[in-house]
Every structure is written in structure tokens, then in C-alpha cells.
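What follows is one structure encoded as C-alpha cells, with my remarks underneath.
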Amino acid sequence: TCVMKPLSDQLAALVRQALAVSFQIELADPQVRASTDPKFGDYQSNVAMGLAKQLGQKPPDVAQKIVDALTASPVFGDLCEPPEIAGPGFINLKLRTQYLSAQLVGIPTTTEDDRLGMERVDDASRDTVVIDYSSPNVAKQMHVGHLRSTVIGDCLSRVLELRGDEVIRQNHIGDWGTQFGIILEELFPDGIIPIALDPERAQSPDELEEVYRKGNAKMSDPAFADRARCAVTNLQGGNQQAISAWNLIRADSMATIVRIYEMLGVKLRGEHTRGESFFNSMLASVVDELRAMLPDGRGSDQGIRAVCREDKGALCVFLEKLDGSPAFKGPQGDPLPMIVKKSDGAYLYASTDLAAAAFRINDFESQPIKFITKSLPIALKARTDDLPHDPAQNRGGLGGTRILYVVGSPQKLHFEMLFATVRALGWTWPQNAKREVKLEHVMFGSVLGEDRKMLRTRTGESVKLKDLLAEAVTRARKLLDESDPKRAGEAWWDAMTEAQRNAKPPVSHPLFL
Ligand code: ARG
């Protein structure tokens with residue numbers, strides 16, 4: 001197979017050779033680096049400047065001699081265009097397009113070598129990567145924004161797998177909390193949820209979104225908002241009717257989401273779903289642990305300590321620098337806390353993310369977190385006992401050594417505060433850990449329209465992912481048809497099947513019928 005040496009090493013060897021030829025000197029580091037600006041080619045060597053002093057010659061002359069020796073080498077000629085000398089003696093190296101395309105063609109296909117010529121990472125640097133991606137909200141439809149997290153997350157997962165890491169995909173869907181209260185209240189305004197929901201009443205994604213939209217618009221009415229909150233409390237408190245209604249809505253929504261995954265060809269499936277609801281039974285224990293661990297800022301993370309205390313009835317984690325000044329500030333410069341429990345007893349997005357972090361890191365066998373309370377480990381254990389076919393069975397978590405969150409940049413602050421808190425709790429240093437568990441927010445920006453604003457339909461709504469994908473398939477087909485006259489006769493073009501031309505997904509897609 002073709003396990004290649006990095007190109008910079010190959011080029012360095014050639015420059016070293018050129019130095020030996022023109023100046024009879026041996027240099028360990030001929031300073032070949034990737035260019036900072038593509039204007040200056042792909043690689044650069046600054047070796048001529050230092051050398052000129054040493055040799056008592058002018059830098060451009062030294063550079064010219066190196067370039068002459070390089071161009072005399074046929075190996076170099078295959079790799080690079082004739083080098084240019086810039087400024088006081090920089091040598092700019094530009095790879096030949098022909099060389100690059102030959103490299104691409106030379107990559108073994110998966111049938112010849114499923115490693116694509118990549119080396120596997122050694123055991124010591126191998127990670128158990130927990131990767132949180134896609135993570136749509138079930139009450140709303142997947143929109144174009146979720147495409148980013150889904151595709152970036154899936155690419156990263158595959159690359160890390162190929163690198164040799166153990167990759168555990170997690171779809172942290174929003175399937176709990178306020179949004180479901182709104183839907184339940186909108187669907188059943190009299191508060192009476194039929195005991196057995198007729199499956200016929202199952203909502204299509206468009207209908208469900210409409211229900212949510214209507215309900216959400218009523219949230220300015222305090223009476224409606226109150227009843228919606230009450231529905232959430234029922235749900236979170238385990239009310240059977242609320243739960244069965246929730247189950248149905250959620251299952252419908254998930255079926256649609258998984259169909260989109262199949263269509264995109266990403267590897268996320270139902271079994272990777274571990275949404276917010278999964279962590280419900282751990283939330284009270286997480287709060288106990290916070291109170292026990294951070295009464296007055298005992299935990300600290302590289303200069304940030306976390307203090308857990310009540311503020312206007314809400315339980316908060318304040319993150320402060322060691323001199324007591326706030327590490328995170330609100331718009332008025334006031335300390336900005338991470339709220340983990342509201343005054344009405346409700347838990348929030350951040351509370352769930354703390355529970356999820358414990359679940360993703362902890363493993364009672366390989367790397368148990370040093371918890372203070374008894375209740376959180378019990379809750380973790382109970383939760384994994386529920387999952388008979390889960391790899392995390394009875395181990396109280398996933399044992400991740402690197403936790404990735406593939407989420408858009410608007411949530412940057414949330415993750416900074418979350419990570420600081422998790423570190424302050426000491427959870428990133430579980431027992432047996434050889435190095436600190438890594439927490440990383442993989443950020444990306446928004447998909448903008450041609451007007452540089454958030455992508456919207458002509459009527460001003462956000463673009464539904466299923467519509468966007470259908471449109472993409474239609475346009476791609478049109479492009480293919482237009483290229484037919486040009487390409488016909490080329491073997492690979494003619495080999496395309498009609499199904500491939502129509503970008504037919506591997507399974508039937510009721511969504512696109
Ligand atoms: N459901 C969230 C959203 O659509 C993303 C969740 C990301 N993951 C997490 N662990 N917070 O905005």
C-alpha cells in the first residue's frame with residue numbers, strides 16, 4: 001500500500017540535497033514549511049537568509065544557487081513548478097497540478113485498501129471519542145442549519161474512525177422540556193390527554209411544526225404559558241398520559257429525522273439517539289453533586305473556579321477568576337452564572353449537559369469519576385441498567401477520553417461555561433486517567449443566503465431540510481443531463497446507472513414521493 005511520507009519531509013530532503021550539492025553543507029532543518037498564504041505557493045523555505053550570513057554571501061545569490069540545484073533534480077521537477085525567489089531570499093515552492101492529481105488518482109479505493117493509505121494511530125494516542133452531532137430538536141423540523149452539524153459531525157466521525165480511534169456517536173436530540181409542554185398544551189387544551197393515543201392522530205412533521213408554531217405564539221399569554229409549564233412538570237414528573245403522548249410524537253419525529261440521515265448517507269441511526277430525556281433521572285443527583293462539590297468554589301480549572309449558590313431562588317454556578325472577579329460577564333458587566341435549576345424547580349439545557357458530560361466520561365471499570373455524593377453514581381448505574389443492549393451496560397457511562405460537541409458558534413458561551421464547570425468538578429481527571437479528558441466545541445457558522453443573511457424561503461421562513469435536499473437532487477439531475485453531450489462515450493460516465501443519476505437514496509423515502 002502507499003503509506004506516504006508527509007510532503008514537507010520529501011521537500012525538505014530535496015532542499016537538503018540541494019544544499020549539499022551547491023555548498024557542501026549538511027543541514028538538519030532546511031526550514032521547509034507550509035506557506036501561510038497561497039499567493040506564495042504551497043511551501044516555503046527561508047534557509048537562504050541564515051545561510052548567507054554564515055557563508056558571507058548575499059541571500060538572493062544563495063537562494064538562486066539552491067534553486068538551480070533543485071531544478072537540476074528530476075525528482076524535484078516532477079513534484080514542483082520551477083521555484084520562485086521572493087523578497088530578501090524566500091524560496092517559494094509550488095506543487096505541480098499534475099503531481100497532485102496523480103496522487104489523488106493513486107489513493108487506493110476502499111476495495112483495494114480500506115485505510116486509503118492512511119496510517120493507524122498508535123495505542124498510546126488512541127482516544128475513545130464521544131461525538132455529539134446533528135442533535136436536532138424534535139418539536140421543530142430539521143432545517144438547513146442542522147445540515148452543518150450532521151455533515152461535519154459525520155465526516156469527523158469517519159476520519160477519527162479511520163485514524164484508529166474508538167468513536168461513539170451521540171445524537172443529543174432536544175426531546176424534553178418547554179417545547180413539549182407547548183405541544184401538549186396546544187394539542188390537548190383541556191388538559192385531558194387520551195389514555196391511548198390513536199396512532200392515526202400521529203402528526204406529520206409539517207403538522208407537528210405547525211402545532212408548535214401556534215403554541216409558541218401563545219406563550220405571551222401568561223395563562224397559556226402557565227399551563228404549558230404545568231404540562232412539562234407532568235411530563236418530567238412521570239405522568240403516564242403525558243409520557244405516552246410524548247412517546248408517540250417523538251417516535252414520529254425521529255422516523256422522519258432518520259429518513260433524512262439515510263438520504264444524506266450519514267451513519268447516524270436510531271441507536272445513537274441519546275436525547276435530553278435520557279438524562280432526566282440524573283438531574284437531581286447532578287445538582288446534589290454540584291452543591292456538595294462546589295459549596296464555595298473548591299473546584300478550580302486552570303485559573304477559573306466554580307461556585308455553586310442560589311441567586312434569586314435559582315441555583316447557579318458562578319465561574320470566577322482566582323482574584324474573585326467574574327470569568328463570564330453579562331452585557332452590563334455583571335457576573336453571568338450558569339443556571340442549573342430554576343426557582344420553579346425546572347432543570348435547564350445546562351443541567352442536562354452536565355449530566356451528559358458525566359455519562360460520557362465516566363466508566364466504572366476503565367475511568368471512574370471521583371464523585372463526592374453517592375447519588376450521582378447510583379443514578380448513572382440505574383440509567384445504564386435500563387439499556388440491555390448498550391455497550392455502556394452497567395459501566396455507568398461511555399468512558400470517553402475525548403468529547404466533541406459539533407454545534408454552531410451561537411452556543412460558544414454555553415460550552416465555555418459548561419467545560420469550565422466540568423473541569424472545576426474534577427470530572428476530566430477520573431481515576432486511571434493518563435491524561436486529561438478533552439472537551440472540545442467544534443464550531444461552525446451559519447448558512448447564509450446570497451444576501452449574507454440567514455437562509456430563508458421567499459416567504460421568510462427557515463428552509464426545511466427535506467425541501468432543500470429534494471431541490472438539490474433536482475438540480476444535480478439537470479446538471480447531469482446538460483453534461484451528457486460532452487461526456488457521453490467516457491466509460492465512467494456511461495457506467496452511471498439511472499438510480500445514481502437520480503441520486504436515489506438506498507431505501508425508499510416517503511418524504512420525497
Ligand atoms: N438541540 C440543540 C440545538 O438544536 C443542540 C444540542 C447540542 N448538544 C449538546 N450537548 N448541547 O440547538
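Each ligand, and each atom within it, is numbered from 1 in the order the structure gives. Along the sequence shown, the residues carry numbers beginning at 1. Only a predicted model underlies this, so the values are computations on that prediction, with no experimental measurement involved.
- Here is the list of ligand 1 atoms found below 4.0 Å of a heavy atom in Gln411: 3 (C), 12 (O).
- Counting protein heavy atoms only, atom 3 (C) of ligand 1 is closest to Asn137 ND2, 3.8 Å.
- For the 3.5 Å distance criterion, the side chains of Asp323 and Ser325 qualify, holding a donor opposite an acceptor.
- In this structure, atom 8 (N) of ligand 1 lies nearest to the protein heavy atom Asp132 OD2, 3.1 Å.
- Residue contacts with ligand 1 for Ile173 are absent, since no atom lies close enough (heavy atoms, distance under 4.0 Å).
- The residue among Tyr349, Phe279, Tyr405 with a heavy atom at the shortest distance from atom 11 (N) of ligand 1 is Tyr349.
- If you check the side chains of Ser244 and Asn247, you find no donor sitting under 3.5 Å from an acceptor.
- Counting only heavy atoms of the protein, atom 2 (C) of ligand 1 lies nearest to Ser135 O, 3.6 Å.
- Counting heavy atoms from C-beta on, the side chains of Leu290 and Val317 come closer than 4.5 Å.
- The aromatic rings of His172 and Tyr349 stand perpendicular to each other, their planes meeting at an angle above 60°, with 30° marking the opposite boundary.
- Contacts between Tyr133 and ligand 1 below 4.0 angstrom, taking non-hydrogen atoms only, are absent altogether.
- Ligand 1 has His146 within reach: a non-hydrogen atom of the residue lies less than 4.0 Å from it.
- A cation-pi arrangement is present between Arg383 and Phe278 under the rule of less than 6.0 angstrom and at most 45 degrees off the ring axis.
- From Lys214, atom NZ reaches atom CD1 of Ile183 across 12.5 Å, with rounding to the nearest 0.5 Å.
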